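Here is the structure we will look at.
What you see is a predicted model, and the numbers here were worked out from it, not measured in a lab. In what follows, chains carry the letters A, B, and so on, assigned in the order in which the sequence lines appear, proteins first and then strands, with residues in each chain numbered from 1.
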Amino acid sequence: MTDSLLDDFRDRGLLHQSTDANELRGWLSSPGRRVYAGFDPTADSLHVGHLVALVLLRRVAAAGHEPVALLGGATGMIGDPSGRSEERNLLSPEELAANVAAVERQIRSVLATAGSTVHVVNNADWMRGVGYLEFLRDVGKHVPLSQMLGKDSVKSRLERDGGLSYTEFSYMLLQAWDFVHLSDALDCRVQIGGSDQWGNITAGIELGRRLRSRDLHGITCPLLTKSDGTKMGKTASGAVWLDPKRTSPYRFFQYWMNLDDHDAGVCLRRLTELPMEEITALDQNRGENAAARHTQQRLAEELTRLVHGDDGLTSAKQATAVFFGGDVEGLAEATLIEIFAEVPSHAFALSAVDNDGLPLVEALQATGLAASRSQARRTIEQGGAYVNNRRIQDAAYCLTKNDLAGRQVVVLRSGKKSYALARFTG
RNA sequence: GGGGAGUUUCCCGAGCGGUCAAAGGGGUCAGACUGUAAAUCUGAUGGCUAUGCCUUCGCAGGUUCGAAUCCUGCACUCCCCA
């Protein structure tokens, strides 16, 4: 079990590059080895792009080793130029501190069930006290400029108009020093990351050799991309976040449900912990019975549970049932409000629904489902308007007390997927 | 500084005195089909208290019964020569 980490990565398509495989295997052949991956706190939440690294750490734990998650409290002050085309804006120390705290919570939560001792460290803790001159003498002196200039991350930026600043150029020194420090402090000798991290990882390995005559190792995994060329984890409305306040469990679930077949297969391998037998079975099922979309279903379930827990998964599935044609009328007011929490809503006076009622056209416009009354009218006439999931085709239709689902809510919908809530309060 | 071309509705782009809310394409929104997919097909696409009314064709004036279309001035963009 313990030496299978590399094979496991390879089988699941998680292996892009690594340092000498035999040496790696050798070091990993004893249990309890520490392996690290870094996370820069560029926002107050991680997103789907970070999921790969988190899952890698879980696999490290599953293989009998101890994952180390490094928070970039210090490196986040600088900004990693790898894989970026432009200079980053600096974060204020306050923002950064808040981000570190939030990201740490997420990392701990995802790794909580990893089944091994988990280390979470912050490089600000050892960087803070280091003076500039000291750093240049102790670290900078051992890193040849030719080596730094040779890195892809640097080269590609130098060839561009924007270039890069000395600050970002120095980033790799900090990350290299992190690696050496962790090898000192935790005897952590393997760093894993996305393929864009290769340059930074090898910089650390090189520094370890020069400074400590120590063998450090690195593994990178391919970056997740979708078959249509867009970035994994990005939607038209932005990134898919792990924080439920930014991306609700329902939308998180739906993101995976909507992947195309090939991408879903890839994600199933790389991101879930389902045994390979089940994955192979799902591959086969996908070929024979693609319409059932078992792969997407399993993927969405596994990842939603991993990130949002059982409760999150339950609410995501409940919402899914309603959003895909389920009956609205039978639901309790509280459930209804929870399910539609993320959907745009608009408050009307309860009296609007008296007597003749509120024209549907007006409700559609006010809730933002239609840009104008004219458009609302069109939508209705073309059969795209629904009240509580029942199609309404009369443009003159008015909402009355009879339409209230629950005590004060009417569920409006335009087309297949756009929902909005009209709330009627006294 | 001199000469030329242009500025049209979300975008590209036709229109060059009435039939222009303005062709065509893209996008977007609905519908059908479907696997909550892709592709395809259909319809719609300035606003409104709606068989009519109001506002749009760089900006401001003018000619005309009538202007996106003609004239004058201004602004901006592009190209060529200094």
Side-chain angles (χ1 to χ4, degrees), chain A residues 48 224-238 240 247-268 281-304 313-328 339-340 342-344 352 355-399 411-420:
Chain A
V48 162
L224 276 174
T225 49
K226 294 211 293 182
S227 42
D228 62 6
T230 58
K231 252 187 178 169
M232 181 64 76
K234 290 270 189 237
T235 65
S237 49
V240 179
T247 300
S248 71
Y250 165 73
R251 271 192 293 146
F252 185 86
F253 185 89
Q254 283 296 319
Y255 178 77
W256 304 107
M257 279 299 282
N258 281 317
L259 285 186
D260 78 31
D261 295 353
H262 175 260
D263 293 338
V266 170
C267 287
L268 202 59
L282 282 166
D283 285 343
Q284 200 184 340
N285 178 279
R286 195 148 16 94
E288 292 161 359
N289 187 15
R293 289 163 53 262
H294 289 303
T295 302
Q296 282 87 341
Q297 188 87 35
R298 277 310 265 138
L299 179 65
E301 282 172 5
E302 286 299 305
L303 294 180
T304 306
L313 178 59
T314 305
S315 80
K317 292 183 93 166
Q318 206 171 24
T320 296
V322 172
F323 283 129
F324 289 90
D327 200 5
V328 171
I339 289 177
F340 289 95
E342 69 185 274
V343 140
N355 306 322
D356 289 348
L358 177 73
L360 178 56
V361 169
E362 199 172 321
L364 287 174
Q365 205 245 127
T367 50
L369 284 181
S372 67
R373 283 152 178 273
S374 299
Q375 207 209 323
R377 208 162 275 130
R378 258 177 252 132
T379 305
I380 298 171
E381 281 160 4
Q382 295 183 107
Y386 298 78
V387 171
N388 297 328
N389 276 348
R390 279 200 322 271
R391 177 180 279 179
I392 302 292
Q393 277 185 284
D394 173 13
Y397 188 86
C398 291
L399 297 172
V411 177
L412 302 175
R413 174 178 145 206
S414 161
K416 286 194 170 70
K417 293 185 187 176
S418 312
Y419 280 84

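B:rA14 and B:rA23 have their P atoms separated by 14 Å, given to the nearest Å. Separation of the C1' atoms belonging to B:rA82 and B:rC70 is 34 Å when rounded to the nearest angstrom. Of the C1' atoms belonging to B:rU64 and B:rG18, the separation is 11 Å, rounded to the nearest Å. Remark: the separation of the P atoms in B:rU55 and B:rA60 is 14 Å, to the nearest Å. Annotation: B:rG1 and B:rC11 have their C1' atoms spaced 36 Å apart (nearest Å). Look at the C1' atom in both B:rU7 and B:rC74: the space between them is 14 Å, to the nearest Å. Using atom C1' as the reference point in both B:rA44 and B:rC10, the two lie 15 Å apart (nearest Å). Nucleotides B:rC12 and B:rG73 are separated by 30 Å at their C1' atoms, to the nearest Å.
If you check every strand for non-hydrogen atoms under 4.0 Å, A:Y386 touches sugar and phosphate atoms only. Within the 4.0 angstrom heavy-atom criterion, only backbone atoms of the sugar-phosphate kind lie near A:S372; the bases stay farther away. Within the nucleic acid shown, A:T320 comes within 4.0 Å of at least one base atom, counting heavy atoms only. No contact: A:E381 has no heavy atom under 4.0 Å from any strand.
A donor-acceptor pair under 3.5 Å links the side-chain atoms of A:T367 to the main chain of A:L364, judged by distance alone. Judged by distance alone, the side chain of A:Y419 and the main-chain N or O of A:F340 form no donor-acceptor pair under 3.5 Å. Between the side chain of A:N388 and the backbone N or O of A:R390 there is no donor-acceptor pair closer than 3.5 Å. With hydrogens and angles ignored, the 3.5 Å screen pairs a side-chain donor or acceptor of A:R413 with a backbone N or O of A:G415.
B:rC65 is paired with B:rG18 under the Watson-Crick or G-U wobble criterion, all donor-acceptor distances under 3.5 Å. Pairing for B:rG27 is with B:rU45, a Watson-Crick or G-U wobble pair whose two hydrogen-bonding atom distances lie under 3.5 Å. The pairing partner recorded for B:rA38 is none, the criterion being a Watson-Crick or G-U wobble arrangement whose two distances lie under 3.5 angstrom. Under the Watson-Crick and G-U wobble criteria, each requiring two contacts below 3.5 Å, nucleotide B:rG6 is paired to B:rC76. For B:rU51, there is no paired base (Watson-Crick or G-U wobble, both distances below 3.5 Å). B:rC33: no Watson-Crick or G-U partner with both key distances under 3.5 Å is found in any strand. In this structure, B:rC57 forms no base pair with any nucleotide, since neither Watson-Crick nor G-U wobble geometry is met with both distances under 3.5 Å.
In this structure, the nucleotide among B:rC33, B:rC29, B:rG35 sitting nearest to the side chain of A:K416 is B:rC33. When distances run from any side-chain atom of A:R293 to the nucleotides B:rU49, B:rG47, B:rU36, the shortest one goes to B:rU36. The side chain of A:S414 approaches B:rA30 more closely than any other nucleotide in the set B:rG35, B:rA50, B:rA30. Taking the side chain of A:R391 as heavy atoms from C-beta on, and the options B:rA44, B:rA50, B:rA32, the nearest nucleotide is B:rA32. Distance from the side chain of A:N258 is smallest to B:rU36 among B:rA30, B:rU36, B:rG47. For A:D261, the side-chain atoms get nearest to B:rG35 when compared with the rest of B:rA30, B:rG47, B:rG35. In the set B:rC29, B:rU36, B:rU34, B:rU36 carries the atom at the smallest distance from any side-chain atom of A:K417.
Counted by atom type alone, A:D261 and A:Q296 present one or more donor-acceptor pairs between their side chains at under 3.5 Å.
Within the 4.0 Å cut-off from OP1 or OP2 of B:rG35, not a single side-chain nitrogen or oxygen of A:R286 is found. The side chain of A:R378 places an N or O atom within less than 4.0 Å of a non-bridging phosphate oxygen (OP1 or OP2) of B:rG47.
Salt bridge absent: A:R378 and A:E381 never bring a charged side-chain N and a carboxylate O closer than 4.0 Å.
The CZ atom of A:R298 sits 19 Å away from the P atom of B:rU36 (whole-angstrom rounding). Counting to the nearest Å, the P atom of B:rC29 and the CG atom of A:L369 are 12 Å from each other. Protein atom CD of A:E288 is 16 Å distant from nucleotide atom C1' of B:rG35, rounded to whole Å.
Remark: A:D356 CG is loosely packed, at most 12 non-hydrogen atoms of other residues, nucleotides or ligands lying under 6.0 Å away.
In this structure, the side chains of A:T295 and A:L259 stay at 4.5 Å or more apart for every pair of heavy atoms.
At a cut-off of 3.5 angstrom, counting only N and O atoms as typed in the model, there is no donor on one side facing an acceptor on the other between the side-chain of A:Q382 and the base of B:rG31. At a cut-off of 3.5 angstrom, counting only N and O atoms as typed in the model, there is a donor on one side and an acceptor on the other between the side-chain of A:Q254 and the base of B:rU36.
When each of A:A292 and A:R377 is assigned the nucleotide of RNA chain B bearing its nearest heavy atom, the one mapping closer to the 5' terminus is A:A292. Across the interface with RNA chain B, nearest-nucleotide mapping of A:S374 and A:R413 shows A:R413 to be the residue nearer the 5′ end.
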